[in-house]
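The shown structure was predicted, so the numbers you read here are calculated from the model rather than taken from an experiment. Indexing begins at 1, ligand by ligand and atom by atom, following the structure's order.
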Amino acid sequence: MKIAIVCYPTFGGSGVVATELGISLANRGHEVHFVTYKQPVRLELLNNNIYFHEVHVPEYALFHYQPYELALSSKLVDTIKLHKIDLLHVHYAIPHAYAGYMAKKMLEEEGIYVPMITTLHGTDITLVGKHPFYKPAVTFSINQSDVVTSVSESLKQGTLEIFDIQGEIEVIPNFIDTNKYSTTFTDCQRSNMAKDGERIVTHISNFRKVKRIPDVIRVFNKIQQELPAKLIMVGEGPEKEEAEQLCDRLGIADKVIFLGNSNEIDKILCFSDLFLLPSESESFGLAALEAMVNKVPVISSNAGGIPEVNMQGVTGFLSDIGDIDDMAKNALSILKDDETLAAFKINAVREAHKFDILKVVPLYEEIYQRAYDSRFKNV
Ligand code: GMT
């Protein structure tokens with residue numbers, strides 16, 4: 001099948017999922033066309049079946065806001081016609097489902113019918129999409145999609161509560177390529193980060209408010225009061241500066257390493273003992289799954305879809321949002337001795353295998369086939 005994928009190309013879960021899905025589809029013989037404003041960070045183009053089409057938004061002095069949706073829908077029309085695309089898969093409803101719908105309608109004028117799959121990722125619903133300024137357009141474009149999927153059961157329920165959805169929402173969980181982690185040799189250069197006997201605690205995110213970065217620092221502060229430890233903070237975002245200041249105020253700046261955005265997440269997770277994810281809201285928690293496949297247990301909040309990934313008392317522990325005492329207590333119960341930590345590590349990787357890419361990508365293929373077979377139904 002020839003599939004056009006629209007996603008955000010930057011660091012962030014939805015872009016990562018879309019990119020990994022596209023690569024996997026290409027490896028399974030599909031022709032995949034990414035349409036977005038920059039080459040997705042995890043996309044390597046050295047594959048016969050992968051194409052990247054960059055969306056340019058020409059600047060004009062009259063525009064206070066550049067009309068990205070307009071440029072995206074035009075680019076989709078051109079790409080779909082030129083490459084005879086069978087199906088459009090948009091990741092993150094805003095504004096991709098809206099632009100995708102416009103492209104569909106323009107193409108229909110020319111007698112070309114392309115089904116659109118919309119995958120909801122989280123903040124497009126829980127944070128941004130429900131804002132009254134966006135809600136009517138988001139509701140419309142979800143309802144106009146031929147198939148809607150969500151990355152967790154929790155996000156599906158949230159979407160049904162917030163929006164007036166007329167059709168089905170199918171849950172297809174996020175996934176991980178477990179084979180990549182079991183076959184790629186990674187030399188865990190632990191000594192670069194911590195001394196012998198120190199535990200390494202890690203957090204990876206885009207440092208937005210929803211990630212509750214101060215909770216990460218405060219939980220770590222409590223951990224390091226009980227045992228020798230280092231905290232590695234990976235990512236960039238608006239909360240980073242305040243986090244650095246908080247470390248200074250708590251007197252732990254020498255124990256916290258801020259690494260910025262990284263393409264070497266696996267190497268960092270390789271030497272990590274524990275992953276912290278205390279988010280306010282999290283539709284799935286791909287970062288937790290990435291930690292787990294790298295044998296890192298997770299201390300998290302019980303927000304949104306995290307309980308569908310992190311198993312209480314098995315792969316880690318979950319606490320109420322903001323309960324840093326409970327998170328620190330749970331973290332210490334895992335880190336206290338090597339035997340307990342080893343048991344949680346084994347559990348983490350075992351549970352991560354349930355989300356293996358080979359189990360999940362065929363679910364998307366099934367949906368594509370179904371949408372393609374019934375493509376004239378909704379015209
Ligand atoms: O978590 C973020 O801030 C990034 C965001 C995104 O769209 O890139 O992540 C969302 O989608 C991921 C992939 O499906 C999920 O794993 C994250 O849980 C979700 N984030 C939130 O719901 C806050």
Salt bridge check, [Y] against [X]: does any charged N sit closer than 4.0 Å to a carboxylate O?
X	Y	result
Asp323	Lys329	no
Asp356	Lys180	no
Lys211	Glu239	no

Quick check: does [X] get an N/O under 3.5 Å from an N/O on ligand 1?
X	result
Tyr92	no
Phe284	yes
Val210	no

| query | Looking only at non-hydrogen atoms, which of Ser14, Pro173, Cys7, Ala288 approaches atom 7 (O) of ligand 1 most closely? | reply |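 It is Ser14 that holds the nearest heavy atom.
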| query | Given Ser283, Ser154, Gly13, Ser281, which has its nearest heavy atom closest to atom 15 (C) of ligand 1? | reply |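 Nearest heavy atom to atom 15 (C) of ligand 1 lies in Ser283.
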| query | Near Lys211, which atoms of ligand 1 are under 4.0 Å from a heavy atom of that residue? | reply |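 Once the distances to Lys211 are compared, the set is 1 (O), 2 (C), 3 (O).
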| field | Per-atom contacts, ligand 1 versus Gly122 - under 4.0 Å to a heavy atom | value |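 Matching atoms, with element in brackets: 22 (O).
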| query | Step by step, would you call Gln157 with Glu153 a side-chain hydrogen bond (donor to acceptor under 3.5 Å, both in side chains)? | reply | CA-CA 6 Å; Gln157 293 314 324; Glu153 187 58 41; 2.9 Å; yes
Only pairs under 3.5 Å count here: list side-chain donor-acceptor contacts from residues 61-76, not counting sequence neighbours, and write none if there are none.
unit_1 : atom_1 : unit_2 : atom_2 : d
Ser73  : OG     : Glu69  : O      : 3.0
Ser73  : OG     : Leu70  : O      : 3.1
Ser74  : OG     : Leu70  : O      : 3.1

| query | Hey, is the main chain of Ser14 close enough, under 3.5 Å, to the side chain of Tyr8 for a donor-acceptor pair? | reply |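 The answer is no, because no donor-acceptor pair under 3.5 Å joins these two groups.
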